Amino acid sequence: MAATTSSPDSDSGRAESNEANSKWLDAHYDPMANIHTFSSCLALADLHGDGEYKLVVGDLGPGGQQPRLKVLKGPTVLTESPLPALPASAATFLMDQHEPRTPALALASGPCVYVYKNLRPYFKFSLPQLPPNPLEQDLWNQAKEDRIDPLTLKEMLEDIREKAEVPLSVQSLRFLQLELNEMEAFVNQHKSKVIKRQTVITTMTTLKKNLADEDAVSCLVLGTENKELLVLDPEAFTILTKMSLPSVPVFLEVSGQFDVEFRLTAACRDGSIYILRRDSKHPKYCIELSAQPVGLVRVHKILVVGSTQESLHGFTHKGKKLWTVQMPAAILTMNLLEQRSRGLQAVMAALANGEVRIYRDKALLNVVRAPDAVTSLCFGRYGREDNTLIMTTRGGGLIIKILKRTAVFVEGTGEVGPPLAQTTKLSVPRKTRLYVDQTLREREAGTVMHRTFQTDLYLLRLRAARAYVQALESSLSPMSATAREPLKLHAVVQGLGPTFKLTLHLQNTSTARPVLGLQVCFLYNEAFYALPRAFFKVPLLVPGLSYPLETFVESLSSKGISDIIKVLVLREGQSAPLLSAHINMPVSEGLAAA
Amino acid sequence: MAEEKLGMKTQVPASIESQKPRPKKAPEFPIVEKLNWLIHLYYIRKDYEACKAVIKEQLQETQGLCEYAIYVQALIFRLEGNIQESLELFQTCAVLSPQCADNLKQVARSLFLLGKHKAATEVYNEAAKLNQKDWEICHNLGVCYTYLKQFSKAQDQLHSALQLNKHDLTYIMLGKIHLLQGDLDKAIEIYKKAVEFSPENTELLTTLGLLYLQLGVYQKAFEHLGNALTYDPANYKAILAAGSMMQTHGDFDVALTKYRVVACAIPESPPLWNNIGMCFFGKKKYVAAISCLKRANYLAPFDWKILYNLGLVHLTMQQYASAFHFLSAAINFQPKMGELYMLLAVALTNLEDIENAKRAYVEAVRLDKCNPLVNLNYAVLLYNQGEKKGALAQYQEMEKKVHFLKDNNPLEFDSEMVEMAQKLGAALQVGEALVWTKPVKDPKSKHRTNSGSKSATLQQPLGSFQALGQAMSSAAAHRKIPSGAQLTKPPSLPLEPEPEPTVEASPTEASEQNKEK
């Protein structure tokens, strides 16, 4: 392998591609590997004590239908066995001090932890049942002895649900859903049972018991749905301690040893991160995020949290925020990258755009580009290679990359300094000959231009004013502007001829005053048209309503001639019309009247 | 339903029969919370399709008793925009767990998103009874009261939220309330605390910088905007604000370099192109300035500041007809600004429309009470028209304003303005020494203007500065006429030959200054 000096990261796409290639060897890529899992269900361990590290996968199966436990060696699946339920977490730990040092495998699923040794089932730990509500238990005892009827049972259970702090059991909740006619049968079927409340495991990790050695005995730490943390003894699988949380834990991080001093960090469903210590049954510190945590990784003494706001945050163990880095896409999962040969610890964040970004604090060290969105990450010794990155994708693919032994992660300087956009030119249109000529012309003839414009503007205003006055004087407008008779008129001609229907829509547009005493008169050429009702009175016009006034027009000409009919609206006793309209009659399509 | 009933009927006899030979146990109920962890994992990584599939499966298996599945389904509905369905599901959760404050919080949030702020406050108050120390409830109550315009209650709630747990959002909301109430000092105080809590938040830094800019505290404004640009070099709000400050100081090239970043990010920002245009104006590249300002005017046709700048640049280019149109449009949108009328008067003067120019000057004098330049320009016009009495009156008015400004702000006046005032004073035979003693003694060449004391908007300082300079150039151009006018008088006075050479010499000097500028 040629020894080359790695260059720092840069923002250039090609340089980035070369950069990514220069640090990692593409050991394996199978887009059809059919592995659907999370980072918490991946583990690397020397399961058989032969120095060959295997990959343990708690596989949910496509669509969560066929959960399986798979053990991979190199690119191939070594063993595969079905699981009774979906795995929530997988971890390997040393149970005892016996030789050879072969770690056991713990798989959390539902309320149980299945422990395997040499890949054979060894032990099954079940979470203890939760204590039921005493009132609820008493009610069901009464039902068992037929001392209570279903209706009363329902009322009292609802009362308990309304007020009690302890939730009801599934049996009671199911009962409360029933219809009246179903209650009797349900009670008879279930009354002899003891009610149960069972919680499930949501997350799991390991904590050294008393020594800090790499091959020391470890306890199991379980997070449960009823907001508790349990620490299990690795030999007897008894509960060593139990701690309460305000919310359900989703991600766990531990440091220290159980018998000496330890620190437990839990990212929970309420968007907060709680930090607990050895002697505390409740959180000692709390970090409240503005969004949900997507991942939690401890790097030396810094807690790195990914949030659903597409950002990474660095916190101290006492909850003080140190820094924030924005991501280009949503974070899907996070994990720790530890390169022991160089003493490097970094955070890996897999994004929805197919990138896997590696950060030390807020400095971006490397970007690995995957062909699909990476949904689980794992870094460590695999086979006989110390620094291997294993990724599974959303479509079920498996990617294995080996970090070159000569790779050095250097903090990139590409993102420091002024942005690239600062070097681009502004798109300002160029000066043209035409523009210069126009400018010079305006300089010379500006006064003439201005006067001409003003003169034309005045003429335009004058013409508009004259046209307006003329319309007012001759009442040519279909709108009446007088204050006493605000009217609006428009006409519609229907038919093909020789007979047309002429409909006038007359509207009183005043707010309150009705209009009466109006007349409508038609002026037309008698050689072309005949109107039986060329003059008629208009009824009282109520404000706001549009009145259709109909009359018929007979076309007398057979030569395809059309003419204008003028409509006048007059007040009784006055000769000047209030308003008028011109109607352009269509050409008659039919035969003329005989 | 009928099938279920039939099933039940069938089941009952079987149960009775089986009880007698051997009692048979009923099947175990599935654990209601079995898949909650999986639902949550899919939700936080925004894989909503997979999440909905698991929710559907879980609700079927538990017959609708899995509260968390309903809860997350409601959250997803809300993200998809179905606020009403989301609200109904959250209310179902509240029925399943009446003592759980989270469900009430989500009901309240859905009501908030539906715009029912009053109902949301009631539900939040119910949730607060269940959980006393929840900063989110206090914060969201503050937001709701803000929308209901009950600002004092909003402030109380937001301060409670900050005492429980500090978050940037709460500081930002408090700052907005103070700004809505017009209390700039308290808003600055809040944003200061926010920046102390979150030193790398560029939004807070930018907002604080802009507030200082409004108050005229340029040093602190520049400091905070610089910090914002250190953490986020492509923050366009901070770049626009910092760039406008650079323009005020004449650093046009630096500002242009900064504006390139914004041009890549938001190429259709009217303030950006307005500022770029005025950078080119400062560099005397007038054609480029006109191009950029016309682009800004196209993007924001009703912004009077852009029209003001366009009018100014066209005055500089001696395109008085175009300047007239732009300034008229600006006056239509901003009819209370005296400076616009002054510039319009300058344009009309050059278009030889003296009568309307006088009307514009009258309006400018009426509206602008503290700018001596308006009176000086008006005096020059009146003098050129031979109205010495009017010119003298305007000159004296200008002197009053100059005295006032000197008493309140020791400012250096524009040297060209001073020179013009001196010449006009000499022409009007006013006791020159009495007024201009100090400037004569201290002939500083600094180009600072009295407008600097005004509290101007982001683009205004540059505009005012250039407006004054340009107006002075226009006013200076009129000195040709007084020379001619003065030449007609020499025959009547024996002493005329002595001042005449001085008057002739100064036009050359003024024109040289014009070229130099």
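This structure is a prediction, so every number in the text was calculated from the model and none was measured.
Note: A:Leu440 CG to B:Gln318 CD = 10.0 Å, rounded to the nearest 0.5 Å. We find the OG1-CH2 distance between A:Thr224 and B:Trp37 to be 15.0 Å, quoted to the nearest 0.5 Å. From B:Ile44, atom CD1 reaches atom CZ of A:Arg269 across 9.5 Å, with rounding to the nearest 0.5 Å.
Under the 6.0 Å cut-off for aromatic ring centres, A:His450 and B:Phe324 qualify, their centroids lying closer than that.
Residue B:Leu229 does not touch chain A at all, counting heavy-atom pairs closer than 4.5 Å. For A:Pro87, the part lying near chain B is the backbone, with the side chain staying farther off; criterion is any non-hydrogen pair under 4.5 Å. Residue contact with chain A, scored on non-hydrogen atoms closer than 4.5 Å, involves the backbone and the side chain of B:Ala288 alike. With a 4.5 angstrom heavy-atom cutoff, A:Leu289 touches chain B only via backbone atoms.
Not a single donor-acceptor pair under 3.5 Å links the side chain of A:Glu225 to the backbone N or O of B:Asn36. Of the possible polar contacts, none joining the B:Lys46 side chain to the A:Ile331 backbone as a donor-acceptor pair under 3.5 Å is found.
Heavy-atom pairs under 4.5 Å with chain B were tallied for A:Thr203, A:Thr375, A:Thr324, A:Val448; the largest tally goes to A:Thr375.
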task: Decide side-chain contact (heavy atoms from CB on, under 4.5 Å) for B:Val287 and A:Thr439; before the verdict, give the C-alpha distance in whole Å, the side-chain angles of both, and the deciding distance to 0.1 Å.
output: CA-CA 10 Å; B:Val287 176; A:Thr439 303; 6.0 Å; no

message: Checking A:Leu86 against B:Leu35 for the side-chain contact (heavy atoms from CB on, under 4.5 Å) test, could you report, in this order, the C-alpha distance in whole Å, the side-chain angles of both residues, the deciding distance, and whether it holds?
response: CA-CA 8 Å; A:Leu86 290 175; B:Leu35 291 182; 3.5 Å; yes

query: Stepwise, does the side-chain contact (heavy atoms from CB on, under 4.5 Å) test hold for A:Phe453 with B:His325?
result: CA-CA 11 Å; A:Phe453 177 84; B:His325 287 297; 3.2 Å; yes

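Nearest approach of B:Ala321 to A:Gly446, heavy atoms of both residues: CB-O, 4.0 Å.
When the side chain to side chain donor-acceptor pair (under 3.5 Å) test is applied to B:His40, the partners found at least two apart in sequence or on another chain are B:Tyr68.
Contact annotation: the side chain of A:Phe38 approaches that of B:Leu41 to within less than 4.5 Å [non-hydrogen atoms, C-beta and beyond]. Between A:Leu332 and B:Asp47, the closest side-chain pair of non-hydrogen atoms is not below 4.5 Å.
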